[in-house]
Asks: 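Encoded as structure tokens, here's the structure I'll be asking about.
Order of the sequence lines sets the chain letters (A, B, ...), proteins ahead of strands, with each chain counted from 1.
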2 protein chains.
Amino acid sequence: MSRSRNHASPPRPPTRSAAVDASESRSARKGRTRQALLDETLALVADRSFASLSLREVAKAAGIVPTAFYRHFASMEDLGVTVVEDSMRVLRKTLREGRRDLATRNAVPTVKSSVAILVQQVRENEAQFRFLIREQHGGVSEIRRAIDTELRLFVKELAIDLSRIPELAHWGAEDLELAADLMVNVLLQAVAEMLEANRRDNGDDREVTARSERKLVMVILGMNSWRTSQQ
Amino acid sequence: MSRSRNHASPPRPPTRSAAVDASESRSARKGRTRQALLDETLALVADRSFASLSLREVAKAAGIVPTAFYRHFASMEDLGVTVVEDSMRVLRKTLREGRRDLATRNAVPTVKSSVAILVQQVRENEAQFRFLIREQHGGVSEIRRAIDTELRLFVKELAIDLSRIPELAHWGAEDLELAADLMVNVLLQAVAEMLEANRRDNGDDREVTARSERKLVMVILGMNSWRTSQQ
DNA sequence: TGTACATCAGTGAACGCGCGTTCACTGATGTAC
DNA sequence: TGTACATCAGTGAACGCGCGTTCACTGATGTAC
């Protein structure tokens, strides 16, 4: 860390969203610049924490002058919370995919297919997942709170899905949430391990996938016994 | 975030380790300053991420001039890795406490006592646990690597402890590690929830504690079935 | 024990730099007539 | 359809500030004799 704000990553040309394209409305162009700010933030956070990004840096990456940043966001924190919302959309999509999978099979989704869907979503939306994992316990409380809220929602949705499984039909809401919480926990750890593995070497997720599947099986076995051991 | 490097936290007087105390050897005084740098780093990271700390800020908090920082650490990164090592000592102590508890009872430790030990350790070493949770997936790769290495070690130690339980004596090393991994995961989540709860309101950990205990029970039930369902 | 010298934790001035934010501006796009 | 005016995304100069790091220094502590 010779200078704390240096970015060691390759120079990557700025998005040049500010370039005048003609034949595109002013508001459309504004939208593109806004999206560029969000995209470049995600890209920059791959290597570092959000709190260490500067406004000037993000603006430069998006191809605008620092002062133009304020046309889109009131502050870096404002930008950060928006990035959380965008990334969470991806997480919710992952859950929806799982639900769709369940519907087409018209059966309890297997552990294998659930993990496979997650792996695919992580591959397709690496930056978003990286942001969520990194900032979940990061240094900006507003962002932590936003992620926490969304994750709770996610757990609740999964609990509802679980309640539709015949074997779990008689479970109480609290127990369902507990199980859902445990499963989400296993999946989040799987995501973190995948992302760290991808960073280091070529992306061979097979070992992480296999371990996560086995952990989920262990949790499901626990759920099976739970029914009989708890009231 | 009006200025990214401002610290909003109360002013707290600097440690004044540099004060000449007489009757204390030079090396002892150096040690105290070094410890002050480590302590103040932990204190500052309670609110923000390590990557957003500046050398000048830490030096000021420790009561020395910025240039004197280099008498103790080569860089902020060097300081950060040292903080990881210190914090991990606390985590290992937690495991040792658990093991001692197991020895005095001469029995399988109950879920309740394991969680109680963790809760107590978190209360006594809040700053260290906060640092580990915050920086585990944080923006400094060297620190991530250091924490990851220590956590793997921690899982392996727990797996060895598990192998001493008669019911698990015939388990393979891989399965034991899988179970240990799952349990550590539950415990880490409990720590994160406790710390976030402590930050917001008064520290009522009872709900977090109860939920974590029930999650551990679910995992242990899964382990019981694992034996019969897998080879 | 006393003296002369070496060590070294901490000091303070100085540097060039990137930071967030202000301000007055430009000129293409959009709108009212 | 043409014209006159309003809007507003992006510009560029300027500000004061905290940053990491260099350097020569001070003076108490430690050591060799």
Asks: Do you know which of A:Thr209, A:Val208, A:Leu188 makes side chain to side chain contact (heavy atoms under 4.5 Å, CB included) with A:Glu193?
Replies: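 That would be A:Val208.
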Asks: Quick check on C:dG10: is either OP1 or OP2 less than 4.0 Å from any side-chain nitrogen or oxygen of B:Thr33?
Replies: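 Checking C:dG10 against B:Thr33, a side-chain N or O does come within under 4.0 Å of OP1 or OP2.
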Asks: Measure from the side chain of A:Arg26, starting at C-beta and using heavy atoms only, and say which of C:dT11, D:dG20, C:dT29 lies closest.
Replies: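 For the A:Arg26 side chain, the nearest candidate turns out to be C:dT29.
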Asks: Are A:Asp47 and A:Arg199 within salt-bridge range, i.e. N to O under 4.0 Å?
Replies: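 A salt bridge links A:Asp47 with A:Arg199.
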Asks: Who is the Watson-Crick or G-U wobble partner of C:dG12, with both distances under 3.5 Å?
Replies: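 Paired with D:dC23.
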Asks: Do B:Thr67 and D:dG20 share a donor-acceptor pair, side chain to base, under 3.5 Å?
Replies: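 Check fails, no donor-acceptor contact within cut-off.
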Asks: Taking atom C1' of D:dC17 as reference, at what distance in whole Å does atom CG of A:Leu55 sit?
Replies: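 After rounding, the reported distance stands at 16 Å.
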Asks: Per the atom types in the model, does the base of C:dG10 pair as donor or acceptor with the side chain of B:Arg71 at under 3.5 Å?
Replies: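 When only heavy-atom distances are counted, B:Arg71 does reach the base of C:dG10 through a donor-acceptor pair under 3.5 Å.
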Asks: Tell me the interatomic distance from B:Met76, atom CE, to D:dG18, atom C1', rounded to whole angstroms.
Replies: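 Interatomic distance, CE of B:Met76 to C1' of D:dG18: 14 Å.
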Asks: Would you say a side-chain N or O of B:Ser54 is under 4.0 Å from OP1 or OP2 of D:dC19?
Replies: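 The answer is yes; a side-chain N or O of B:Ser54 sits under 4.0 Å from OP1 or OP2.
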Asks: Reading DNA chain D from 5' onward, which residue's closest nucleotide shows up sooner: B:Arg56 or A:Lys30?
Replies: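 With B:Arg56 and A:Lys30 compared, the 5'-side residue is A:Lys30.
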Asks: Got a salt bridge between B:Glu57 and B:Lys60, using NZ or NE/NH1/NH2 to carboxylate O under 4.0 Å?
Replies: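 No.
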Asks: Just how far, in rounded Å, is P of D:dG18 from CG of B:Leu53?
Replies: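 Distance, rounded to whole Å: 17 Å.
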Asks: Charged N to carboxylate O below 4.0 Å: is that the case for B:Glu97 and B:Lys93?
Replies: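 Not counted as a salt bridge, because no side-chain N and carboxylate O are separated by less than 4.0 Å.
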Asks: Atom CG of A:Leu37 to atom P of D:dG10: distance rounded to whole Å?
Replies: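 The distance from CG of A:Leu37 to P of D:dG10 comes to 8 Å, rounded to the nearest Å.
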Asks: Find the distance A:Glu57:CD to D:dC19:P and express it as a whole number of Å.
Replies: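 Rounded to whole Å, this separation is 17 Å.
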Asks: Does D:dG30 have a Watson-Crick or wobble partner in any strand here, with both distances under 3.5 angstrom, and which is it?
Replies: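 Here D:dG30 is engaged in a pair, and the nucleotide opposite it is C:dC5.
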Asks: I need the CZ-C1' distance between A:Phe73 and D:dA9, as an integer number of Å.
Replies: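 In whole Å, D:dA9 C1' lies 14 Å from A:Phe73 CZ.
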Asks: Of A:Ala74 and B:Val65, whose closest DNA chain C nucleotide lies nearer the 5' terminus?
Replies: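 Checking each residue's closest nucleotide, the 5'-ward one belongs to B:Val65.
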Asks: Rounded to whole angstroms, how far apart are OH on B:Tyr70 and P on C:dT11?
Replies: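 Taking OH of B:Tyr70 and P of C:dT11, I get 15 Å after rounding.
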Asks: Grab the CG-C1' distance between A:Asp78 and C:dT21 for me, whole Å please.
Replies: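 To the nearest whole Å, that distance equals 16 Å.
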Asks: Going by an N to O cut-off under 4.0 Å, is there a salt bridge joining A:Glu157 and A:Arg92?
Replies: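 Answer for the salt bridge query: no.
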Asks: Can you see if the side chain of B:Arg29 gets near the phosphate of D:dT29 - specifically, an N or O under 4.0 Å from OP1 or OP2?
Replies: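 Answer yes for this pair, as a side-chain N or O of B:Arg29 is under 4.0 Å from OP1 or OP2.
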